[in-house]
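Okay, so here's the structure we're looking at.
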Amino acid sequence: MAMYWSDRVDDGVHSGARPPRASYVPPHLRPNSFVDESRHRFHEDPYAFDTRFGRHRNSRQLGRGLVGRARGLGRGRGGRGGRGRSQHHGFHDPVPEANPFEAVVEKFDELEVLSENAEDNEEAINFDAYEDIPVESSGENVPPPVDKFEEIDLGKALNENIKKCKYVKPTPVQRHAIPIAVAGRDLMACAQTGSGKTAAFCFPIICGILSGQSSGSVMPRGARVACPTGLILSPTRELSCQIHDEVKKFAYQTGLKAVVVYGGAPIVQQFRNIERGVDILVATPGRLVDMIERDRVSLKKIKYLALDEADRMLDMGFEHQIRKIVQQTDMPPPGSRQTMLFSATFPDEIQRLASDFLSNYVFLSVGRVGSSTDLISQKVEHVEDMDKRNRLMELLQSQRASGKYGKQSLTLVFVETKRGADSLETWLTSNGFPATAIHGDKVQLERERALRSFKSGATPIMVATDVASRGLDIPHVSHVINFDMPRAIDDYVHRIGRTGRAGKHGAATAFFNDSNLPIARALVTLMQEAKQQVPAWLKECAGKSSHSPGDGGGGGGRSHRYRGGSKFGGYDYRSDTAANVDYSSSSSSHHHYVDSRAYVNPYATTSYAAVPYSVPYVADPGFYATQHGYPAAYGGESVAANGWD
DNA sequence: AAAAAAT
């Protein structure tokens, strides 16, 4: 890569000082805008989507730096506007911002076709299925939900990007969470897998930074400490990368810079990336701690903190690191920053831990209906360990025979151990099934290669440990097989959530035997709430199992309490904690929205999701009709989406 | 007894 400004740095200004890295120039030494801009034009030239979305190059230039200022004025909040940022990037950014939409052009083509169909079919959508969207919010003065993105002033640039993402309408979690977050409130949000959580916390962060007053990520003179304004933490490297890809799309041409850091990859390159300025840092905990300890990242400017898969982040293995990051650094305390926690599952105990990080927060729970669990046909088979491979083979053969196999119909197989993943992959491959495997013992490059190969359909089967259970948005996963059941029901929820995304149908098959008895009860409850047929033998197992780690009855160890009695995927623990004096006061309010119609939503009858659900939910009786067969309409039509979950 | 996450 050419180093445009290294000369400039070396001559004069810094002659006596330690020579900076060739790739790094402190913001105050970067060249002025006009010189830079001409170079920009040259480098940026072929923007595929420009014609596609009818954008003019002028508007792109406008978008760089000016938009923020214009918006700031428009809101009367002024302050920093575009100026603070452009001191270290924006017009001055030496590295042209890559077009984050280019990579998904194919996907857009697909989407256009599908959304046309969706419009045709719109009236066929079974809105009875959405009759009782249970949305519950609690906390003081909860900002009301919106029905359209336009109802919130997210700013011109962000609105443009939302359009480019083809998000026509907010998903339920977005409708509720975005107004809460844009109002500056802390938030604990429980929303189903595949329901658009990433955008729900990204939009407010981007919007907030753009309109904020702080000088944000401008680096101190001569220092190489990056001071991001927004921090997004996630539990796996791949998920962090995925979030980063989304953030780049949402923040495109806003002048904001998003960088991702994670382990298993050369830290030097990541240092280079953050040195160029970072407004929004996406990270896995370990690498971030490392960078903080090396004084390369400071969290003192953090105004927005988001934890994705927050329950996992506060789980035993992670809690220490998270506390270190959130409570033992120079990060501003709750109240001085805005904190948002998102997950599909939120056990009480984790909520209790999480409240340490929050200040007067709103709890939001968006229920199952219209979410992935309703769109996933769940099936449990009693299979002994020694029969699992044969049964898996039968399933795969049956899928192949019915054409539900290949690029558009991926199968994700979850196993318990890393070793198990490797051996199953080998076995599948040697039996003629193109499979790959992903787990934490593989080097990062292999992990990424496996994921790519799976996504592309080159190997339509992927064997995975729980490294792939959370958050990953892999289009076209039509079948999730729990070859080994997880120990905790929450993990089951996340695993099956890899299918049935963005309104698409999915199937989940679990191999269950006596070693899984501990989660039988929680599994039955979960399936019943998702209106799934539960085999009689499984109910019997549930009766037999004394205490499951998921039903709230168990004691000791990691606790995954599943609220059998709740209609919701999540439940504000504050509302049944008498001891919690902070929130049981009369000043707190408790909203319970049932149905997009009960809460007047004239748009609910047209399209429900950001990416319209094109497939009406109709329970497939054929799924259970045959013991081994798979339904013909398996998987339905796909509506690919990004930023879901 | 498992997976993940820093080197």
Side-chain angles (χ1 to χ4, degrees), chain A residues 231-244 260-271 274 281-297 307-326 328-329 343 345 350 385 412-425 437-448 450-451 462-472 482-495 498 513-519 548-550 554 556-560:
Chain A
L231 176 63
I232 301 170
L233 295 172
S234 97
T236 66
R237 297 163 183 175
E238 285 78 8
L239 183 53
S240 280
C241 290
Q242 177 183 300
I243 294 167
H244 177 236
V260 64
V261 300
Y262 53 90
I267 201 168
V268 182
Q269 184 56 48
Q270 293 179 1
F271 279 146
I274 60 173
L281 184 63
V282 187
T284 50
R287 178 55 61 92
L288 178 61
V289 168
D290 190 8
M291 288 186 161
I292 292 169
E293 283 171 353
R294 297 196 204 190
D295 286 324
R296 301 297 290 267
V297 172
L307 302 196
D308 201 7
E309 309 296 339
D311 60 333
R312 169 61 84 240
M313 302 301 281
L314 293 168
D315 207 335
M316 292 193 314
F318 269 120
E319 187 191 349
H320 177 73
Q321 278 179 311
I322 300 301
R323 285 197 183 276
K324 201 164 178 175
I325 293 168
V326 179
Q328 291 159 40
T329 64
S343 182
T345 52
I350 304 290
D385 286 344
L412 187 50
V413 183
F414 281 104
V415 296
E416 191 63 16
T417 66
K418 294 178 277 200
R419 252 190 67 198
D422 278 334
S423 77
L424 189 57
E425 176 203 10
I438 187 168
H439 60 71
D441 270 358
K442 292 199 168 195
V443 298
Q444 192 56 24
L445 212 66
E446 293 175 312
R447 282 166 58 160
E448 281 161 20
L451 190 55
M462 183 165 79
V463 186
T465 60
D466 274 323
V467 70
S469 65
R470 284 173 173 258
L472 292 188
N482 275 293
F483 188 89
D484 300 320
M485 281 297 273
R487 283 178 173 70
I489 194 67
D490 287 0
D491 292 328
Y492 175 83
V493 172
H494 286 275
R495 284 179 178 188
R498 294 319 97 210
N513 59 44
D514 285 353
S515 64
N516 308 121
L517 278 177
I519 66 159
S548 98
R558 170 175 153 188
S559 170
H560 271 269

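Reminder, nothing fancy here: chain letters follow the sequence lines and each chain counts from 1. Please read all numbers here as calculations on a predicted model, not as lab measurements.
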*What is the distance from atom CD of A:Gln444 to atom CD of A:Glu238, rounded to the nearest 0.5 Å?*
5.0 Å

*Check the distance between B:dA5's C1' and A:Leu239's CG and give it to me in whole angstrom.*
13 Å

*Check whether any side-chain nitrogen or oxygen of A:Thr236 sits under 4.0 Å from OP1 or OP2 of B:dA5, and answer yes or no.*
no

*asked:* Can you measure A:Met316 atom CE to B:dA1 atom C1' for me and round it to whole angstrom units?
replied: 11 Å

*Would you indicate what A:Gly317 reaches in the nucleic acid, counting non-hydrogen atoms under 4.0 angstrom: base, sugar-phosphate, or nothing?*
base

*Atom CG of A:Asp441 and atom P of B:dA5: how far apart are they, to the nearest Å?*
10 Å

*asked:* If I take atom CG in residue A:Asp491 and atom P in nucleotide B:dA1, what distance separates them, rounded to the nearest angstrom?
replied: 18 Å

*Does any N or O donor sit under 3.5 Å from an N or O acceptor when you compare the side chain of A:Arg487 with the base of B:dA1?*
yes

*Side chain of A:Val289: nearest nucleotide among B:dA2, B:dA4, B:dA6?*
B:dA6

*For B:dA6, does OP1 or OP2 lie under 4.0 Å from any side-chain N or O of A:Thr284?*
yes

*asked:* Just verifying a value: how many Å separate A:Asp315 CG and A:Ile350 CD1, rounded to the nearest 0.5 Å?
replied: 5.0 Å

_I want to verify a distance call: between B:dA5, B:dA6, B:dA3, whose nearest atom is closest to the A:Glu293 side chain?_
B:dA6

*asked:* Could you work out, with side-chain contact (heavy atoms from CB on, under 4.5 Å) as the rule, every residue matching A:Arg419, not counting sequence neighbours?
replied: A:Thr417

*Would you classify A:Arg447 as touching base, sugar-phosphate or nothing, given that sugar-phosphate means primed atoms plus P, OP1 and OP2, and contacts are heavy atoms under 4.0 Å?*
sugar-phosphate

*Rounded to the Å, how far apart are A:Leu314 CG and B:dA5 P?*
17 Å

*In whole angstrom, give the distance that lies between atom CZ of A:Arg419 and atom C1' of B:dA1.*
14 Å

_Can you measure A:Phe271 atom CZ to B:dA6 atom P for me and round it to whole angstrom units?_
13 Å

*asked:* Could you work out, with side-chain hydrogen bond (donor to acceptor under 3.5 Å, both in side chains) as the rule, every residue matching A:Gln321, not counting sequence neighbours?
replied: none

_Interatomic distance where NE2 belongs to A:His439 and P belongs to B:dA2 [whole Å]_ = 14 Å

*asked:* Side chains of A:Leu288 and A:Val297, heavy atoms from C-beta outward: is any pair under 4.5 Å?
replied: yes

*Establish, with yes or no, whether the OP1 or OP2 oxygen of B:dA5 is under 4.0 angstrom from a side-chain nitrogen or oxygen of A:Arg470.*
no

